[in-house]
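In the text below, chain A, chain B and the rest are named by the order of the sequence lines, each starting its count at 1.
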Amino acid sequence: MTNLDPQLVWAFSGVLCLLAVSSLIGLALKAAIKKPEAQATIRNLNARIGAWWVMSAIFGLTLVIGQIGSLVLFGIMSLLALREYVTLLPTRRADHRTLFWSFFIFTPLQYFLIAIHWYGMFAILIPVYAFLFIPTRLAIAGDTESFLQRASTIQWGLMICIYCLSYAPALLMLKIPCYAPDAKLLLYLVLVDQLSDVLQYVWGKLLGKHKIAPVVSPNKTWEGFIGGVLTATLIGTALWWMTPFRPWVAGLVSLTITLMGFAGGLTMSAIKRDRGVKDYGTMIKGHGGILDRMDSMCFAAPIFFHIVRYFYVP
Amino acid sequence: MRAHPLAGIIAAAARLISGVQVRWVDSEPDPQQAVYFANHSSHLDFVVLWSSLPAEVRAVTRPVAAQDYWNAGLRRALAVKVFRAVLVARHVEKNEGHEGSANPRLAIEHMLEAMGDTDSLILFPEGTRGTGEEVAAFKSGLYYLCKHRPGLRLVPAYLNNLNRILPKGEVLPVPFISKLTFGSAIGLEPGENKLAFLARAREAVCRLRDLS
């Protein structure tokens with residue numbers, strides 16, 4: 001265990017306070033509201049808050065452990081996300097060994113490349129090497145039925161669940177001048193991205209009327225979207241002190257994170273609707289699966305990483 | 001019956017690898033003697049089914065497994081010591097054009113003896129692993145068990161996606177999320193003939209497939 005950065009401790013204490021307040025509100029709502037149709041929503045809300053405590057505890061623990069902790073956490077989340085993804089999509093018997101490579105060779109390799117700070121290979125392992133390997137391995141397996149569809153399904157799963165998600169812990173390998181190389185940026189990304197999700201849900205439940213995309217995601221409303229994006233951006237701006245950004249830059253970056261997060265939620269919902277399911281999994285009580293929770297992160301992390309790397313890493 | 005010290009760990013590992021989501025439809029776990037019967041598409045089937053039972057039910061439940069696959073080395077040690085598997089010689093039915101390789105009556109006696117008065121069995125009445133798409137016709141073992149044990153509870157179960165995790169002919173598993181659905185117990189009705197009973201038992205498993 002290394003000496004913890006005081007700013008990291010402050011930010012994380014803020015998370016715990018927020019959770020405590022949410023739990024109190026959840027309890028108050030449970031006691032105050034007796035309408036049976038509202039009670040299901042409140043039960044789900046309390047289940048979500050409970051799961052947030054667990055997720056925050058796990059994430060906090062990995063932050064304390066340091067880079068290896070974050071890599072292991074996100075590596076496991078990548079594997080679980082890919083498992084939810086391939087379970088939902090049609091695969092054929094001949095895909096078996098290609099899938100084995102995806103889970104047990106490419107995923108560990110991608111996270112290993114972050115561990116040894118080999119940026120050049122980290123950035124191309126999946127978009128170049130895995131991209132070409134997958135159709136080749138499928139062709140060797142010899143089943144040509146829906147060939148391109150099967151190859152692209154696996155390629156897309158690797159890109160979203162492994163490549164895009166691995167950008168979050170990859171923040172730890174960025175060397176920014178005059179900025180301590182620790183997990184603060186990762187915490188910042190997770191905070192803004194996840195708060196944006198939560199606040200869009202809260203504003204949507206409070207004021208939501210006009211649906212944005214009724215076919216793709218019936219719970220997303222304009223009121224939730226605008227309220228959530230604005231408040232998460234404000235919080236992200238107010239947290240500029242834990243980033244290398246000036247306040248107005250923190251505002252723009254937070255806005256980008258929230259918009260990318262929205263794009264991720266919408267896209268991953270489209271897949272669920274196509275496959276006729278509500279959630280990717282049941283692992284996180286009240287939330288669904290890992291992919292239901294990390295869909296926004298898959299889209300926000302790579303863009304956030306490249307913004308920071310382009311403008312702040314010499 | 002006390003469980004092997006590794007039993008809990010292996011059951012937890014099997015649940016983790018298979019990501020199994022267990023559902024009891026119109027039924028609940030019960031340590032009373034029963035035969036759990038399910039569709040068969042993977043070597044992992046009995047491990048996952050056994051692991052998904054609550055510990056006190058698992059402790060009295062013994063899978064029936066093919067002697068030719070589970071009879072050597074580490075597999076045998078696991079099968080016999082941890083799962084307390086009942087190893088039986090696979091029976092190739094004569095009407096399929098092959099020579100019968102084992103005496104089915106002996107296998108039934110072996111199972112009855114293993115059950116005693118308290119233990120339950122896990123049985124795959126298709127006899128061999130399928131592709132995971134169709135449930136094959138049931139072999140007659142289930143019927144003869146009921147004949148010898150009137151009133152025996154038969155609990156149907158459907159295993160989903162195990163054929164994707166470890167299909168026939170593969171050695172290395174790929175993690176998919178699997179599902180296991182248990183249904184309400186059935187039994188041999190008085191006067192019911194073998195074919196009708198086996199068809200009804202198979203139907204009970206197929207119904208769970210449509211639910212899962």
[X], [atom1] atom: more than 12 neighbouring heavy atoms under 6.0 Å:
| X | atom1 | result |
| --- | --- | --- |
| A/Lys272 | NZ | yes |
| A/Phe147 | CZ | yes |
| A/Trp156 | CH2 | yes |
| B/Asn193 | CG | yes |
| A/Trp101 | CH2 | no |

- For A/Thr87 and B/Phe176, indicate whether the former's side chain and the latter's backbone hold a donor-acceptor pair under 3.5 Å.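 Judged by distance alone, no pair lies under 3.5 Å.
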Smallest separation among heavy atoms of [X] and [Y], with atom names:
| X | Y | answer |
| --- | --- | --- |
| A/His96 | B/Val174 | O-CG2, 3.4 Å |
| A/Val86 | B/Arg164 | O-NH2, 2.9 Å |
| B/Gly169 | A/Arg97 | O-NH2, 4.4 Å |

With a 4.5 angstrom heavy-atom cut-off, is it the side chain or the backbone of [X] that approaches chain B, or both, or neither?
| X | answer |
| --- | --- |
| A/Phe104 | side chain |
| A/Arg92 | neither |
| A/Phe100 | both |
| A/Thr91 | both |
| A/Arg83 | both |

- Task: State the OG1-CD1 distance between A/Thr282 and B/Ile177, to the nearest 0.5 angstrom.
- Result: 7.0 Å
- Message: One pair to check against side-chain contact (heavy atoms from CB on, under 4.5 Å): A/Arg93 and B/Lys168. What are the steps and the verdict?
- Response: CA-CA 9 Å; A/Arg93 171 70 181 79; B/Lys168 214 169 172 166; 5.5 Å; no
